[in-house]
Amino acid sequence: QPAHCSPLRACRSAANAADAQQLELDNRRSLTARAGRHTPALPSAPRPSMSYGTTHNDADVASVIIDVGSNSTKGGLSGQDSPTEVFSSAVGTWEDEGGGKAFAVNRRELWHSRHRQQLPFDLEYPVVQGKVDNWECLEKVWERVLGVGGPRGRAIATEEHPMVIVEANLVSQEQREGTAQRAFEKHQSPALHLAKTAVCSCIAANKSSGLVLEVGGGISTCTPVFDGKASVKDATQSALAGDFLTDMLAQRVASRQEVVPAHQFRMPRKRDAQGDLKTSAIASAASPADYGVYMQRMTFQGIKETLCQLSEREITKSTRVPGLSARLPDGKEVELQKDRFSIPEMLLKGVGEDPPPVAVGPHCKEMLSLPQLIEATVSKFEDEEDQKKLYTSVVVCGGSSLFAKMDPRLRSFIEDKWRLVPGKRIISSPSAPMQPTYYQRWSSWLGASVMSSYSGFLPMWVSKQEYEEHGFGILMKRCP
């Protein structure tokens, strides 16, 4: 049995005998193909005949899965190991010639062109810390996924495919109603399911229950999941997440040297005889402040993900740390020493009692460290056995959880907390051995893909006809 095995096998126990047999064949074909080439093939999952309520379709139908986060959007069809489309959730907006509002999704070159020509525009985010802030931009992001998210970049006909919308764990009823209304009335989807990110990540880690610790861009969330249902009333959130760390790194570097974001230079840039980049600043550039913040975050996010990591031991003032360098957009180099470790260390130790030196999101102001998040969530359960079960079944996911040494550091905290046997596997992750880290980065999309690919999931769909007959209540019942 090869160690590299598709996460789609996580749901084999929930499928019927025919599904499991077909899945085994698909996985064997995929593993055979992978052995003969460097680029891994994506195994196809069995696609059941869809039947929602009184509506029946005998054709094999894949569902459309859309996961819009604070930083990135993932979209594609079910039965795949990775999303077809992954792009920034930021949307460029401006007033067009007719007085209407123009939108540009995933068009960074167009944003930069308008900036270079000193044309006004704004950069807006449809989702901020899990909450929908701009429905117009959200619809444009959906349209981007539906326009190119099919096979070979083709458009997806939503009237022929059910939709799975992955949503944050703590959302209002009004937001869920707005999502259902747009899916059924505007896109005419035959069926819909609203899936919690915690449940999807749990499924991607081959679990039906666990304590899901999601470390995203705008927010970190700790949510208990029991038998495939998220206990949202016991979830805990913190604004100490990836964007905060990126902004802290940018501030520390800017305190030592001038940093000019990439959008302030003309492209393309050439090199001189010594190989250094020759830069030419754009004169009196009048870009919006949010575009400058976005471009600076893109610069330092790459530096953070490349150079920063957690340390196995405490870094003190006397500790000597070898420096690593990264090149800034203006061609100058920046060297990181202790900041390489102290920035991600905030996830585990917090930022102290003083107010954070950089701005945090509008919906959540709490600055809990990851151990504090776990402890605050588990402490809501009075029974000691329930607490121990949660502590021994932690699922870590999200793009900002990929720092090296994250799992052993969290494991050490939990072992000290509960005096568990050292070495016992208590941290799970959608990123299995020998698999790329995008399984952990995109775990919520992956779990939705797994979940919606099997016939056992059919009772969880809400058909358009049922929605029209019973209203939003039936969606709340089937998608708790």
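Since this is a predicted model, take the numbers as computed values, not measurements. We count residues from 1, following the sequence as given.
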Give me the atom names and distance for the closest heavy-atom approach of [X] to [Y].
X    : Y    : answer
A448 : V166 : CB-CG2, 3.9 Å
F341 : S311 : CD2-CB, 3.6 Å
G228 : V199 : O-CG1, 3.4 Å
V396 : S401 : CG1-CB, 3.6 Å
V141 : P126 : CG2-CG, 4.0 Å
L170 : K131 : O-NZ, 3.2 Å

Are any of the side-chain heavy atoms of [X] and [Y] separated by less than 4.5 Å?
X    : Y    : result
S452 : I65  : yes
T299 : P329 : yes
Q296 : T246 : no
M406 : L370 : yes
V91  : L138 : no
M295 : R297 : no
Q301 : M298 : yes
S220 : L373 : yes

Given side chain to side chain donor-acceptor pair (under 3.5 Å), test S113 with Q117 step by step and report yes or no. CA-CA 6 Å; S113 174; Q117 300 174 53; 2.8 Å; yes
Taking atom [atom1] as the centre, does [X] end up with more than 12 heavy-atom neighbours from other residues, nucleotides or ligands that are less than 6.0 angstrom away?
X    : atom1 : value
K229 : NZ    : no
R256 : CZ    : yes
K332 : NZ    : no
E312 : CD    : no

Verify side-chain contact (heavy atoms from CB on, under 4.5 Å) between S70 and Y125, making sure each step is shown before the conclusion. CA-CA 7 Å; S70 299; Y125 292 85; over 6 Å; no
Measuring from [X]:[atom1] to [Y]:[atom2], what's the distance to the nearest 0.5 Å?
X    : Y    : atom1 : atom2 : result
M451 : H193 : CE    : NE2   : 4.5 Å
D122 : N134 : CG    : CG    : 10.5 Å
S449 : K74  : OG    : NZ    : 14.0 Å
I414 : L390 : CD1   : CG    : 10.5 Å
E335 : L324 : CD    : CG    : 8.0 Å
M163 : T158 : CE    : OG1   : 6.5 Å

Main-chain N/O of G242 paired to K304 side chain as donor or acceptor, under 3.5 Å: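 Between the backbone of G242 and the side chain of K304 there is a qualifying donor-acceptor contact (under 3.5 Å).
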For W135, is the NZ or CZ atom of R182 found under 6.0 angstrom from the centre of its six-membered ring and inside 45 degrees of the ring axis?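 Yes, a cation-pi geometry holds between R182 and W135.
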Side chains of [X] and [Y] only: does a donor on one sit below 3.5 Å from an acceptor on the other?
X    : Y    : answer
T73  : R144 : no
E214 : T197 : yes
S444 : S201 : no

Using the six-membered ring wherever Trp is involved, compare the ring planes of Y294 and Y291 and label them parallel, tilted or perpendicular (cut-offs 30° and 60°).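 Aromatic pair Y294/Y291 classed parallel.
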Parallel, tilted or perpendicular for H187 and W142, by the 30°/60° rule?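 Tilted.
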Would S72 and R441 satisfy side chain to side chain donor-acceptor pair (under 3.5 Å), going step by step from the backbone distance to the final call? CA-CA 11 Å; S72 65; R441 186 185 296 272; over 6 Å; no
Please say which of T223, D234, T236, T221 ends up in a side chain to side chain donor-acceptor pair (under 3.5 Å) with T377.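 Only one of T223, D234, T236, T221 forms a side chain to side chain donor-acceptor pair (under 3.5 Å) with T377, namely T236.
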Looking at K140 and E124, does any basic side-chain N land under 4.0 Å from a carboxylate oxygen?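 Salt bridge between K140 and E124, a charged N being under 4.0 Å from a carboxylate O: no.
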With salt bridge (Lys or Arg N to Asp or Glu O under 4.0 Å) as the test, pick out the partner of E345 among R409, K338, K405.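 For E345, the salt bridge (Lys or Arg N to Asp or Glu O under 4.0 Å) test succeeds with only one of R409, K338, K405, which is R409.
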Can F300 and V259 be said to form a side-chain contact (heavy atoms from CB on, under 4.5 Å), step by step? CA-CA 10 Å; F300 283 96; V259 178; 3.7 Å; yes
